[in-house]
**Student:** 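What follows is a structure written as structure tokens; I'll ask about it next.
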Amino acid sequence: MRSSLLRAAPAAAALLAAASGAPAAPVTLHIDAHQVAGRVSPLLYGLMTEEINYSYDGGLYAELVRNRTFQDNPQAPEHWSLVQEGGSQGAMALDRNQPLNAALPVSLRLDAAVAGAGRRVGIANDGFWGIPAKPDTTYRASFYAKASPGFAGTLTVSIESDEGGIVRARAEVASVGPAWKHYTVALTTGSIAPSAANRLVIATDRPGTVWFDLVSLFPPTWNNRPNGNRVDLMQLLSDLHPAFLRFPGGNYVEGRTIDTRFDWKRTLGDLAERPGHLDDAWHYRSSDGMGLLEFLEWCEDLHMQPVLAVFAGLTLDRQAPPVAPGPDLQPFVQDALDEIEYITGGASTKWGSRRAEDGHPSPFPLNFVEIGNEDQFDRKPGSYDARFTQFFDAIKAKYPNLNLIATAKVTTRQPDVQDDHYYRSAAQMESDTHHYDGTNRAGKKIFVGEWATREGVPTPNLGAALGDAAWLTGLERDSDIVIMSCYAPLFVNVNPGGMQWRTDLIGYDALRSYGSPSYYVQKMFNLHHGDQIVAARADNLPTRTWRPPRPRGAPAGAPLPPPEQEPALFFNATRDSRSGQLFVKFVNPTAAPQTVRVEIAGAGPLAADGLAVTLASAKPDDTNSIDQPTKIVPVETRLGGLGDDFNHTLAPYSVTILELHPRS
Ligand code: AHR
């Protein structure tokens, strides 16, 4: 079997010819529902997530204040500006001499030298590319503050427009004393138009000095969690009905150095005790507001299983050797054991009781733990084998029922599951839809833990969605062995500078969000399948010619591999064993309509009426965007004339799912 593990986008594969036109004989799909090839994995469709592209800060994590603890840049309070009006005079600076505590060692000092009525001095935050203000909405602002002795001013907290200072919502803190104290106010908007060109301002009209830390602003969140998630993004995720969440990475779990890995113990508890860390995998600082407990609550909110990735000694600094197996690695193995105990342990265990203290007395379910991320990049012979073995033995000794996932080949232990990653062009995806057909069914299971057709920026276009859909027909057909899959990356903030990795499933700015065509493919596939994989084969399948790219690592001048014939139509069939419904999926990646005759045996008499769910558009580079969020969405059509022998015409550039019902 050819190996297709690709880390980054390959050079685009050249399609040498479009579909060869209408085939000489009609395409006939034969489905035999008697022949059940296996069970569709109930875990097949899940989510993969990490702090990349402002996925949490500036994304799902609903915090609206950017650089809330003033640590993003040691030189200057980035994203903060000084407010001076009507001749007032003031200054603003980072202050390391008045820390809130050891975890948050820098505060922001505001000196109001000249201030009075109509002459305020304050600090303003510009948020993550703006601060959204929606009508009739209550925002919760909070901050730590202390003032110089004798300060007698009130603090006015407001959400204001960038231009013209139009106040969207406003509240007051009556007085601030000389010791650090936490203040919270509610800011409620009226019937305003939604806008994002706003800032949060905290100001005084009296002279004096005030220090601030952990300045925060939250909109209403999903399930009203106080440190929770953005509602529109959670809704998009919830609509996918994901079975699991793979977290916290990706490269984010590793970091470039051991110190910048995802160190879960530093992400727990009160926000004022979380130092945050540099996400040097993706080049910005993470507040760690999305900490271990928040990941788990996210799973709980969307009824997803956690798939926990633990740091396993390999960092992204490829010059640095991975942590050596043996005593050096043992603290990280212990960290993983502690983390599993935090998630699953009872109140009598050390880490289970810490979880209860953090606000979640009941343990979370946990069935899968992944040892590292992409450890094929550990080039030291035998190194991952030895590291995996050390983790495997320690975890299995304490938690024998946990399924352990390997991220690269190992030979010294049999992992329960192997994680494979694929980032490819649409043509490559379409050329490899039978990738797992020949995989040994008696061995480890497969988790396709990261994959995407990387065409389209910032989010995939229709052509990518067609590549994705073709690939998914294969994963679903092989989902007796491919038990889990998740697209990556999940999120991108579409503002300039928001994207570190192009082609991401869901895009958003401060106010709006949208699903890409690939998002809708995920949704269609997960909402329309049965629990049995049934036999399906085609006669006269159309083909087209494509030229595979040079193999990875081949010298630039090496000859291209010869052209190959690949299918120009993709399909699979599944059946619901309880209802008898059949789901037939088709992908037509060509510019021409394709008519398929569908002949079904073994499904009992089928009704003439059924449902077609179709995603299509005129051109492969058509797409959804922040300004055209629903240009390409699935359309449901009631059909007649179906049954166990019928013709159906697939639109050009389309994904179609036919739902066929037993005759009642
Ligand atoms: O999904 C983006 C990155 O691709 C992941 O962080 C990493 O695991 C992979 O290389």
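Here, residue 1 is the first one in the sequence, and each next residue gets the next number. Indexing begins at 1, ligand by ligand and atom by atom, following the structure's order.
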**Student:** I want to check a possible cation-pi pair here: K585 against F525, using under 6.0 Å from ring centre and within 45° of the ring axis as the test.
**Tutor:**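 Yes, K585 and F525 form such a contact.
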**Student:** Do you know which two heavy atoms are closest between F392 and P415, and how far apart they sit?
**Tutor:**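 Closest pair (atom of F392, atom of P415, distance): CE1-CA, 4.4 Å.
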**Student:** At less than 4.0 angstrom from any non-hydrogen atom of N251, what atoms of ligand 1 do you find?
**Tutor:** 5 (C), 6 (O), 7 (C), 8 (O)
**Student:** Write down the atom of T433, the atom of A470, and the distance for their closest heavy-atom approach.
**Tutor:**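 Result for this residue pair: CG2-O, 3.3 Å.
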**Student:** Establish, from distance only, whether the side-chain atoms of E430 and W546 form a donor-acceptor pair under 3.5 Å.
**Tutor:** no
**Student:** Show me the side-chain donor-acceptor pairs of residues 303-315 shorter than 3.5 Å, one per line, residues at least two apart or across chains.
**Tutor:**
from	atom 1	to	atom 2	distance (Å)
Q305	OE1	N367	ND2	3.0
T315	OG1	R256	O	3.3
T315	OG1	D317	N	3.4

**Student:** Before signing off on this row, confirm whether E50 and ligand 1 have an N or O atom pair separated by under 3.5 Å.
**Tutor:**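 Among all N and O atoms of E50, at least one is under 3.5 Å from an N or O of ligand 1.
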**Student:** Test of understanding: given a 4.0 Å heavy-atom threshold, classify the contact between M48 and ligand 1 as side chain, backbone, both, or neither.
**Tutor:**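 None of M48 does.
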**Student:** Would you say W282 and ligand 1 have an N/O pair spaced under 3.5 Å apart?
**Tutor:**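 No.
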**Student:** So is P489 close enough to ligand 1, meaning a heavy atom under 4.0 angstrom away?
**Tutor:** yes
**Student:** Enumerate the atoms of ligand 1 whose separation from the nearest heavy atom of Y423 is less than 4.0 angstrom.
**Tutor:**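 That gives atoms 1 (O), 2 (C), 4 (O) of ligand 1.
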**Student:** With a distance cut-off below 6.0 Å to the six-membered ring centre and an angular limit of 45° from the axis, does R424 pair with W471 as a cation-pi contact?
**Tutor:**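 The answer is yes, since R424 meets both limits relative to W471.
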**Student:** Can you find a non-hydrogen atom of Y252 under 4.0 Å from ligand 1?
**Tutor:** no
**Student:** I'd like to check which ligand 1 atoms, numbered from 1 as shown, lie under 4.0 Å from a non-hydrogen atom of E450.
**Tutor:** 1 (O), 3 (C), 4 (O), 5 (C), 7 (C), 8 (O), 9 (C)
**Student:** For T344, give me all partners under side chain to side chain contact (heavy atoms under 4.5 Å, CB included), at least two apart in sequence or on another chain.
**Tutor:** I340, L366, Y399
**Student:** Has ligand 1 got any nitrogen or oxygen that is less than 3.5 angstrom from a nitrogen or oxygen of W501?
**Tutor:**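 Not met; the criterion fails.
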